[in-house]
Trainee: 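My questions will all concern the structure given below.
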Amino acid sequence: MQLSKTYEPSQYEPEIYAMWETSGAFKPTGKGEPYSIVMPPPNANGNLHVGHGYMIPIEDILTRYYRMNGRDTIWIPGADHAGFETWVVFEKALEKEGKSRFDFSREQLYKMTWDFVAQNRGNMELQLRALGASCDWESLVFTLDKKVVKTVYSTFKRLWDDGLIYRGERLVNYCTHHQTSFADIEVAYDEETTPLYYIKYGPFELATTRPETKFGDTAVAVHPDDDRYKDLVGKTVTVQGVNGDFEVKVIADEMVDREFGTGVVKITPAHSFDDWEAGQRHDLPAIRVINEDGRMNERAGRFAGLTVMEARKAVVEAMEEMGLIIKIDKNYKTRIGRCYKCNTTIEPMLMKQWFIDIQPLAQRAKKSIESGEIKFVPEQKGKELARYYDELRDWNISRQIPWGIPIPAFQNVNDPDDWIFDERVEESELVIDGVTYRRDNDTFDTWFSSGQWPFVTTDYLSASDLFSDENSEKELAEDANNLARFYPNAVMETGTDLLRPWVSRMIMLGLYATDKVPFHDVFMHGLILDEHGQKMSKSKGNVINPMDIIGEFGSDALRIGIVMNRAAGQNQAFSTASVIAGRNFCNKLWNIARLVQKIIADNPDQAEIADDIAAVWIDKKLNDAQNEISEHIKNYRFAEAVDTVYHIVWDEVADWFMEAEKFYKNTAFLTCVMDRILKIVHPFAPFVTETIWTTLHKDGELLISQQWSEAAEVDSEKVSRFESVKNLVSEVRLITTQLPAGKYDLLYTDDKIIAENADLIKSLAGLKSVEKVEQSRGLRIASANRKAWLDLSPEMVYEHQSRLELRLVEIRGEVEKLQARLDNKGYVEHAPEHLVNETRNEIASKTALIDRLVHELEVIKK
RNA sequence: GGGUUGUUAGCUCAGUUGGCUAGAGCAUCUCGUUUACACCGAGAGGGUCGGGGGUCCGAGUCCCUCACAACCCACCA
C-alpha cells in the first residue's frame with residue numbers, strides 16, 4: 001500500500017489501537033524478568049484531563065520500551081469510584097430531580113450511584129485508548145470490585161487483630177443541616193466580618209469570636225515567652241461565667257500569637273480545630289456543648305436548646321449585664337467554613353471515628369525510603385515524604401458518605417464500646433448469641449482502599465497464600481499465569497499532589513500487608529498549567545481537553561509535545577508549540593518512510609551496495625541513540641529521551657542519511673534502517689510508527705511486539721570518512737548560501753576522500769560538478785581542511801574576502817581565550833589532565849585553521 | 001506564618017556529579033519550490049543564565065543575601 005502524502009492521524013489511530021488490542025499485544029508474555037506498572041486509576045465517572053495526557057504517555061513509554069526490550073511487561077489499568085468527587089456529582093444530579101440523600105436508604109443510594117457511574121464509565125476508557133495506552137484491559141480493576149473489598153477487609157481485620165485499629169474522638173467538619181461530616185476539601189471558606197468580643201476572663205482579658213462556646217472551655221492559653229502572664233502558667237484560675245464561676249487551667253503554648261488581641265486564648269477543645277490540637281498537647285478534657293442539630297446542649301444550662309447564633313447573642317447580652325464585655329470589634333474579618341451545599345456554617349464537632357494507629361506503619365515506611373529501598377524521582381519528594389511520616393497523626397479512615405466500601409464493623413446496641421468485625425455488611429443488624437449488633441453506616445476513606453492498590457491489582461495476597469513455603473518467591477516469579485509475579489511494581493508513576501494522600505499510604509499499607517515495598521521506584525510528575533503558567537480550572541475557563549488536542553494534531557503529537565521539555569516534579573505550562581513540533585516530527589517520520597518506499601519501488605533489482613559509508617555512519621548513530629535513550633529511560637529522563645529520538649530521526653536520518661541514500665539507493669539496507677528507527681521511535685509515537693510498520697510489512701507482525709535491534713557492528717574508519725564528507729558539504733553549503741543563487745563547481749586536487757565520494761558530495765551539496773584538476777583556482781574550502789576549491793570568478797572570491805576576515809577575527813578571539821586559560825597556572829595545576837590536553841589540542845587545531853585562512857586571504861589578495 | 005520549588009533567547013522550557021564557544025522547540029530574518037516532506041530545505045540573528053556578594057584555577061550549576069512567582073501545609077482565637 002502506498003503511503004499518502006501527509007500523515008493524517010485520525011485516519012489511522014482507532015484502527016491501529018484495535019489491532020493491538022485484539023492481537024493480545026498488551027498482555028504480558030510470561031517470558032523475561034517481570035516489569036509492571038499499575039495505573040493510578042482515573043475517575044470512572046469522569047473524563048480524562050490534560051494531566052492524564054502527560055501521565056498516560058509516560059507510563060506508556062515505559063511499558064512499550066520495556067516490552068520491546070525483553071521484559072515480561074504488564075501495565076494494569078484501573079477505574080476509581082472517586083468517593084467524594086463522584087458523590088458530589090451524584091448528589092447534584094439527585095438535587096436536580098428534587099430529591100435528597102435523606103430520601104433513600106444507604107443500600108438504595110449505593111445502588112443508584114453505581115448505576116450512575118456505570119452510565120459514564122465508558123468515556124474514560126475510550127479516552128485512554130485514544131491516548132494509546134498499551135495497558136492490559138483484562139486485568140482492569142475497579143476500586144469497588146469484589147476482590148478489592150475482600151483485600152481491604154482482610155487488611156482491616158489484620159490491623160484490628162494487631163490492635164492498630166481503634167475508635168477515637170476527633171473533630172470533624174460537621175454540617176448541622178445535613179447532619180453529616182465533610183472532608184476538609186469539602187468545606188468552602190469565605191472571608192466574613194464577625195464581631196470580635198474582648199471579654200474579662202478570670203485574671204485575663206481576651207478576645208474571642210465565639211463566646212457561646214465558653215461552656216466548653218477547659219483551659220486558657222498564653223505564649224510560653226510572654227512575660228505578662230508568666231506567673232500564671234500552670235495555675236488554675238477561676239473565671240466568672242454567665243452560668244456561674246468555673247475553673248480552667250492556664251497553659252503555655254506556641255500556638256498563641258502574642259500580637260493578636262491580648263495574647264490570651266480560651267481553649268475549647270471540642271469545638272475548634274486549633275483548640276483540639278492544643279488539648280491533645282496538654283492533655284485537656286474536651287466538653288461538647290453543641291449538639292448535632294446545631295443547638296446548645298445541657299452543658300449550656302439556661303441557654304440549652306438555643307441555636308448557636310441565638311446562644312451567642314444571649315450569652316453576650318448576659319455578659320454585658322455582668323460587665324464582662326470590655327469592647328466589641330465589629331470590623332473583624334475572618335474566614336468561616338460553610339457547607340458547599342446549604343451554606344450552613346460548618347461546626348467543628350467532636351465525633352467517634354475509626355482510626356489507625358499510624359506511627360508503627362509510618363516509621364517502617366520512612367525506613368524504606370531512607371534505606372533507598374524505594375527511590376524517588378525527583379529525590380526531593382522522598383525526603384519530603386520521610387518528614388511527613390514523622391508528623392503523621394493517627395489516620396481517620398471513616399467517611400460518612402454511602403458511596404464507598406462499607407466498614408465491616410457492628411456495634412452492640414446495648415454497649416456502645418462493644419464492636420465486632422463482620423463482613424456481612426449487607427445486613428444492617430446481626431444477632432449473635434442473642435445480642436443485637438448494628439452495622440456502622442460509615443464507609444472507608446478512599447485512600448484506605450486505594451492505598452492497597454499495588455497488591456490488590458496483582459492479587460498478591462491470595463497468591464501468597466498459595467505459596468506460603470520458603471520457595472514462594474521463586475515459584476511466584478516463574479508462574480506465568482499468576483499476576484502476583486508483578487508485585488512489587490517496578491515503578492509508581494503519579495502526580496506530586498498525590499504524594500501524601502496516596503503514595504504515603506501505599507508504602508505503609510504495602511509494607512504492613514505484604515512485608516514488601518509496593519514498588520521500587522516512584523516517579524512524580526508536576527501539574528500541567530495552561531499556556532500562561534496558570535493553573536487550569538473550569539471557573540477560569542482555561543481548561544485544555546486532551547481529546548481536542550488529539551483531534552487536531554493526533555495522539556502521537558500530543559504525547560511528544562507534552563513530554564518534551566518537561567522535568568520531573570515540576571509544574572509547567574502546556575505548550576501548543578511543542579505539540580506542533582510533535583506533529584511535524586510524525587510527518588517527518590512519515591515522509592522518510594515514503595522516501596524509502598519510493599526508492600525501493602524505483603529500484604527493484606538493486607544489489608547490495610558495498611561502499612555505502614552513510615550506512616555505516618547511520619548504524620553508528622543509531623547505536624549511540626539506542627544507548628542514550630535506554631539510559632534516559634532508566635533514569636526517567638523522558639524529555640531527554642524524546643529529544644534524542646527527535647534529533648536522531650530529523651538531524652541524522654532525514655538530513656544526512658536519507659539524502660545520501662538518494663544517491664546510493666541501497667534498498668536492502670534502507671529497509672533495515674527503517675525498521676530499526678520505527679522500533680526506536682515506537683514507545684514515544686506508537687500510532688504513526690505502527691501505521692508505517694504494518695504498511696511496509698505484509699506478514700501481519702505488529703511493531704508493538706517487536707524487540708529493539710541489537711547494536712550493529714561498525715567500521716569506525718568508514719564512519720569518520722562520512723564525517724569528513726559531511727564537514728566538507730557543510731562548509732560548501734555555508735559558502736554557497738552566501739553566494740548568488742545558482743549551481744557551482746567544486747574542484748579538488750590530491751584528495752582521496754573527495755575522489756572516492758565525488759558523486760555523493762555533488763548530490764549532498766547540490767553542486768553542478770565535482771572535478772579533479774591539476775591546478776587549483778577559486779575559493780579554498782579552508783575550514784574543512786580539504787584540498788578543495790569552489791570554482792568562483794576572482795570578483796566573487798574577492799567579495800567573499802570580508803567574510804573570511806570576520807571568521808579569522810572570530811577564531812583568533814577563541815584562541816586567545818583558550819590561551820588565557822592555559823596561561824592561568826591554577827588551571828594547569830588543578831584541572832583534570834584530559835581537560836588541559838583538550839584545551840591544548842583545540843588551540844593546535846584552531847591555529848592550523850588560522851594559518852589556512854591567512855594563506856587563503858593572501859592568495860585572494862594576489 | 002511554616003515548608004518546597006522556581007526565576008536561563010520574543011514565548012514554552014532543557015541544562016544529571018561545577019569543566020570545551022549555555023541548548024531545544026516554536027516564533028523572527030535571509031535564500032531556496034532539486035518529484036519524501038512548506039507539517040520542507042540551506043543558513044542567520046537573538047542570552048552580562050532575576051539582583052548583589054562569596055568559595056574555587058574555573059559558577060547557569062555550590063554557599064550567603066535580597067527581590068519576585070508558583071505550589072503544598074497550617075490558618076489565627
Side-chain angles (χ1 to χ4, degrees), chain A residues 3 5-7 189 196 206-210 221 255-257 259-261 264-268 272-275 277-278 332 334-335 378 380-381 383-384 387-388 391 496-497 499-500 526-527 529 531-535 553 557 560-561 564-567 569-599 631-632 635 637 639-640 643 646-647 654-655 658-659 662 730 733-734 736-741 743 763 765-766 810 813-814 817-818 821 824-832 834-836 838-839 841-842:
Chain A
L3 294 170
K5 191 173 173 188
T6 330
Y7 174 58
Y189 284 93
L196 180 66
L206 59 76
T208 180
T209 54
R210 303 207 60 182
M255 75 179 270
V256 181
D257 177 356
E259 307 300 316
F260 188 91
V264 184
V265 190
K266 71 186 192 72
I267 302 293
T268 323
S272 152
F273 286 100
D274 278 341
D275 295 4
E277 297 294 321
Y332 180 67
T334 188
R335 273 154 53 90
Q380 192 54 40
K381 291 290 162 194
K383 291 180 183 152
E384 189 183 328
R387 276 196 301 274
Y388 174 69
E391 296 160 11
T496 49
D497 53 329
L499 178 69
R500 291 167 183 223
L527 228 57
L529 309 170
E531 299 237 28
H532 309 287
Q534 298 291 309
K535 204 169 171 176
F553 300 103
I560 288 172
M564 217 177 193
N565 288 347
R566 215 168 273 282
Q570 223 58 57
N571 293 350
Q572 279 165 227
F574 180 84
S575 160
T576 306
S578 295
V579 176
I580 289 173
R583 182 212 40 195
N584 294 354
F585 171 80
C586 293
N587 191 58
K588 192 74 191 176
L589 191 67
W590 184 259
N591 276 288
I592 290 171
R594 287 184 66 216
L595 180 56
V596 168
Q597 217 177 21
K598 184 176 184 307
I599 292 174
E631 197 62 23
H632 289 320
N635 294 309
R637 305 185 74 85
E640 287 82 347
D643 199 63
Y646 186 96
H647 290 287
D655 290 350
M658 291 310 292
E659 289 302 320
K662 282 180 183 169
S730 291
R733 282 174 181 171
L734 187 63
T736 52
T737 47
Q738 290 160 354
L739 298 170
K743 290 215 167 194
S763 163
E810 227 172 74
E814 283 166 18
K817 269 193 195 166
L818 292 169
R821 197 175 299 163
N824 179 345
K825 265 190 189 167
Y827 177 69
V828 181
E829 279 165 23
H830 293 96
H834 74 272
L835 275 179
V836 180
E838 247 174 68
T839 309
N841 291 339
E842 206 155 333

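Labels below follow one simple rule: chain letters A, B, ... track the order of the sequence lines, proteins then strands, and each chain is numbered from 1.
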Trainee: Across the strands shown, which category fits A/R733 at heavy-atom distances under 4.0 angstrom: base, sugar-phosphate, nothing?
Mentor: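 Here A/R733 touches the backbone only, sparing every base.
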Trainee: Using atom C1' of each nucleotide, how far apart are B/A59 and B/C49 to the nearest Å?
Mentor: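 Rounded to whole Å, the distance is 11 Å.
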Trainee: Could you give the NE2-to-P distance, from A/H830 to B/G18, as a whole number of Å?
Mentor: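 Rounded to the whole Å, the gap is 16 Å.
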Trainee: Just N and O in the side chain of A/Q572: are any of them under 4.0 Å from OP1 or OP2 of B/A14?
Mentor: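 So the side chain of A/Q572 is within the cut-off, an N or O lying under 4.0 Å from OP1 or OP2 of B/A14.
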Trainee: Have a look at A/A831 and say if it touches a base, only the backbone sugar-phosphate, or nothing, with a 4.0 Å heavy-atom cut-off.
Mentor: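 The answer is base, as A/A831 lies within the cut-off (heavy atoms under 4.0 Å) of a base atom.
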Trainee: Starting at atom CD1 of A/I580, determine the distance to atom P of B/C11, rounded to an integer number of angstrom.
Mentor: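 It works out to 18 Å between those atoms.
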Trainee: With respect to the side chain of A/N571, which nucleotide from B/G19, B/C71, B/U21 is positioned closest?
Mentor: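 Closest of the options to the side chain of A/N571: B/C71.
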Trainee: Under a 3.5 Å limit for both distances, which nucleotide forms a Watson-Crick or G-U wobble pair with B/C49, could you say?
Mentor: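 Base-paired to nothing in any strand shown.
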Trainee: Using the P atoms only, state how far B/G58 lies from B/C11, rounded to an integer number of Å.
Mentor: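 Roughly 33 Å separates the two P atoms.
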Trainee: Classify A/K825 by what it touches in the nucleic acid, base, sugar-phosphate, or nothing, heavy-atom distance under 4.0 Å.
Mentor: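 Contact class for A/K825: none.
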Trainee: Just call it for A/L734: base, sugar-phosphate, or nothing, with non-hydrogen atoms closer than 4.0 Å on any strand.
Mentor: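 Sugar-phosphate, no base atom in range.
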Trainee: Using atom P of each nucleotide, how far apart are B/G1 and B/G47 to the nearest Å?
Mentor: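 39 Å, rounded to whole Å.
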Trainee: Does B/A9 have a Watson-Crick or wobble mate here (both distances under 3.5 Å), and if so which one?
Mentor: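 Because no pair has both required distances under 3.5 Å, B/A9 counts as unpaired.
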Trainee: Between the base of B/C37 and the side chain of A/K588, is one N or O donor paired with an acceptor at under 3.5 angstrom?
Mentor: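 Counting by modelled atom types and ignoring angles, a donor-acceptor contact under 3.5 Å is found here.
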Trainee: Mind checking the C1' distance from B/A27 to B/C66? Whole angstroms is fine.
Mentor: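 One C1' to the other, the span is 34 Å.
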Trainee: Ignoring backbone atoms, test whether A/N584 places a side-chain nitrogen or oxygen under 4.0 Å from the OP1 or OP2 oxygen of B/C26.
Mentor: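 Yes, such a contact exists.
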Trainee: Touch check for A/A567, heavy atoms < 4.0 angstrom, all strands: base, sugar-phosphate only, or nothing?
Mentor: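 Result for A/A567 = sugar-phosphate.
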Trainee: Could you identify the nucleotide paired to B/A14, looking across every strand shown and requiring Watson-Crick or G-U wobble geometry with both distances under 3.5 Å?
Mentor: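 Paired with no nucleotide.
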Trainee: A/F273 side chain: which of B/C75, B/U12, B/A38 is closest?
Mentor: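 For the A/F273 side chain, the nearest candidate turns out to be B/C75.
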Trainee: Answer with yes or no whether A/Q738 presents, from its side chain, a donor or acceptor under 3.5 Å of a partner atom in the base of B/A44.
Mentor: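 No, the side chain and the base share no sub-3.5 Å donor-acceptor pair.
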Trainee: Keeping A/R583 on the side-chain end and A/S578 on the backbone end, is there a donor-acceptor pair under 3.5 Å?
Mentor: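 Checking the backbone N and O of A/S578 against the side chain of A/R583, no donor-acceptor pair under 3.5 Å is found.
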Trainee: Using only atom types and a distance under 3.5 Å, with no angle test, would you say the side chain of A/Q572 pairs donor to acceptor with the backbone of A/A567?
Mentor: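 Checked: pair present.
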Trainee: Walk me through it: do A/Y388 and A/L499 pass the test side chain to side chain contact (heavy atoms under 4.5 Å, CB included)?
Mentor: CA-CA 10 Å; A/Y388 174 69; A/L499 178 69; over 6 Å; no
Trainee: So, do A/T6 and A/N587 sit near enough that their side-chain heavy atoms are less than 4.5 Å apart?
Mentor: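 Yes, close enough: below the 4.5 Å cut-off.
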Trainee: What is the distance from CG of A/D655 to P of B/G32, rounded to the nearest Å?
Mentor: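 Result: 20 Å.
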Trainee: Taking A/E631 first and then A/R637, would you say they form a salt bridge - that is, a charged N and a carboxylate O separated by under 4.0 Å?
Mentor: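 No, no charged N to carboxylate O under 4.0 Å.
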Trainee: Provide the distance between the two P atoms, one in B/G50 and one in B/U12, to the nearest whole Å.
Mentor: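 Those two atoms are separated by 15 Å.
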Trainee: Reckon A/T839 touches a base, only the sugar-phosphate, or nothing at all at heavy-atom distances under 4.0 Å?
Mentor: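 The residue A/T839 makes no contact with any strand.
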Trainee: Reckon A/A221 touches a base, only the sugar-phosphate, or nothing at all at heavy-atom distances under 4.0 Å?
Mentor: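 Nothing, no nucleic acid heavy atom in range.
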Trainee: Tell which nucleotide pairs with B/U4, taking only Watson-Crick or G-U wobble pairs whose two distances are both under 3.5 angstrom.
Mentor: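 Across any shown strand, B/U4 pairs with B/A70.
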Trainee: With rounding to the closest Å, how many angstrom separate the P atoms on B/G15 and B/G23?
Mentor: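 Rounded to whole Å, the distance is 15 Å.
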Trainee: How far does the P atom of B/U8 sit from the matching atom of B/C13, given to the nearest Å?
Mentor: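 My reading of the P atoms in B/U8 and B/C13 gives 9 Å.
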Trainee: Taking the minimum atom-to-atom distance to the side chain of A/K535, which one of B/C26, B/C71, B/G19 wins?
Mentor: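 The answer is B/C71.
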Trainee: Given B/C57, B/C20, B/C39, identify the nucleotide with an atom nearest to the side chain of A/E842.
Mentor: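 Shortest atom-to-atom distance from the side chain points to B/C20.
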Trainee: Taking any heavy-atom pair under 4.0 Å as a contact, classify A/E810: base, sugar-phosphate, or nothing.
Mentor: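 Touches nothing.
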Trainee: Could you tell me the separation between the CG atom of A/L595 and the P atom of B/C40, rounded to a whole number of Å?
Mentor: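 From A/L595 CG to B/C40 P: 16 Å.
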Trainee: Pick base, sugar-phosphate or nothing for A/P378, based on heavy-atom distances below 4.0 Å to the nucleic acid.
Mentor: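 Counting heavy atoms under 4.0 Å across all strands, no contact is made by A/P378.
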Trainee: Check the distance between B/U35's P and A/L3's CG and give it to me in whole angstrom.
Mentor: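 Atom-to-atom, A/L3 to B/U35, this comes out as 19 Å.
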Trainee: If you only use heavy atoms from C-beta on, which nucleotide in B/U16, B/A70, B/G41 is closest to the side chain of A/R637?
Mentor: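 Within the option list, the nearest is B/U16.
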Trainee: Rounded to the nearest Å, what distance is computed from the CD1 atom of residue A/I560 to the C1' atom of nucleotide B/U12?
Mentor: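 One finds 17 Å between C1' of B/U12 and CD1 of A/I560, rounded.
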Trainee: Strictly below 4.0 Å, N to O, side chains only: are A/E814 and A/K817 in salt-bridge contact?
Mentor: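 Looking at A/E814 and A/K817, the cut-off is not met.
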Trainee: For A/E391, report the nucleic acid contact type (base, sugar-phosphate, nothing); a contact means any heavy atom under 4.0 Å.
Mentor: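 Contact class for A/E391: none.
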Trainee: Has the side chain of A/D643 got a donor or acceptor atom sitting under 3.5 Å from an opposite partner on the base of B/A24?
Mentor: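 Checked by distance alone, the answer is no.
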Trainee: For A/W590 and A/Y7, take the angle between the two ring planes, folded into 0 to 90°, and tell me which bin it lands in: parallel under 30, tilted 30 to 60, perpendicular over 60.
Mentor: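 Taking A/Y7 first and then A/W590, their aromatic rings sit tilted (interplane angle of 30° to 60°).
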Trainee: Quick one: on RNA chain B, does A/P832 or A/G569 contact a more 5' nucleotide (nearest heavy atom)?
Mentor: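 Whichever sits nearer the 5' end wins; that is A/G569.
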Trainee: Among B/A14, B/G19, B/A36, find the nucleotide with the atom closest to the side chain of A/M658.
Mentor: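 The listed nucleotide nearest to A/M658's side chain is B/A36.
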Trainee: Determine which nucleotide pairs with B/U34, using a 3.5 Å limit on both distances of a Watson-Crick or G-U wobble pair.
Mentor: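 By the stated definition (distances under 3.5 Å), nothing pairs with B/U34.
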Trainee: Taking atom C1' of B/C39 as reference, at what distance in whole Å does atom CZ of A/F553 sit?
Mentor: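 About 10 Å, once rounded to whole Å.
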Trainee: Is it true that A/E384 and A/R387 make a salt bridge, defined as a side-chain N closer than 4.0 Å to a carboxylate O?
Mentor: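 No salt bridge links A/E384 with A/R387.
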Trainee: Less than 4.5 Å apart, any side-chain heavy atom of A/K588 and any of A/N584?
Mentor: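 They are not in side-chain contact.
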Trainee: Go through B/G19, B/C76, B/C72 for me and flag the one nearest to the A/R500 side chain.
Mentor: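 Selected nucleotide (nearest to the side chain): B/C72.
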Trainee: Establish, from distance only, whether the side-chain atoms of A/R594 and A/N591 form a donor-acceptor pair under 3.5 Å.
Mentor: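 Looking only at side-chain atoms, A/N591 and A/R594 do form a donor-acceptor pair, the distance falling under 3.5 Å.
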Trainee: A/H632 NE2 to B/A14 C1': how many Å, rounded?
Mentor: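 So the NE2-C1' distance, A/H632 to B/A14, works out to 11 Å.
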Trainee: Choosing from B/G41, B/A14, B/A36, which nucleotide comes nearest the side chain of A/R594?
Mentor: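 The listed nucleotide nearest to A/R594's side chain is B/A36.
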Trainee: Rounding to an integer number of angstrom, what distance separates B/A24 and B/A14 when you compare their P atoms?
Mentor: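 That atom pair is separated by 16 Å.
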Trainee: Let me know, please, whether A/Q570 or A/E640 comes out on the 5' side of the other along RNA chain B by nearest nucleotide.
Mentor: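 Result of the comparison: A/Q570.
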Trainee: Go through B/C37, B/U21, B/A24 for me and flag the one nearest to the A/R821 side chain.
Mentor: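 Of the candidates, B/U21 comes closest.
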Trainee: Counting Watson-Crick and G-U wobble pairs only, both distances under 3.5 Å, name the nucleotide matched with B/C20, or none.
Mentor: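 Per the H-bond distance test, none.
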Trainee: Mind checking A/Y646 for me? I need base, sugar-phosphate or nothing, with any heavy atom below 4.0 Å counting as a touch.
Mentor: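 If one applies the 4.0 Å heavy-atom cut-off, A/Y646 turns out to touch the sugar-phosphate alone, with no base involved.
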Trainee: Could you let me know what B/C29 is paired to, Watson-Crick or G-U wobble, both distances under 3.5 Å, or none if it's on its own?
Mentor: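 WC or wobble partner is B/G43.
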Trainee: Return no unless some side-chain N or O of A/Q597 is found under 4.0 Å from OP1 or OP2 of B/A36.
Mentor: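 Looking at the OP1 and OP2 atoms of B/A36, neither is under 4.0 Å from any side-chain N or O of A/Q597.
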Trainee: Kindly point out which of B/C26, B/A38, B/C76 is positioned nearest to the side chain of A/A577?
Mentor: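 Among B/C26, B/A38, B/C76, the one nearest the side chain of A/A577 is B/C26.
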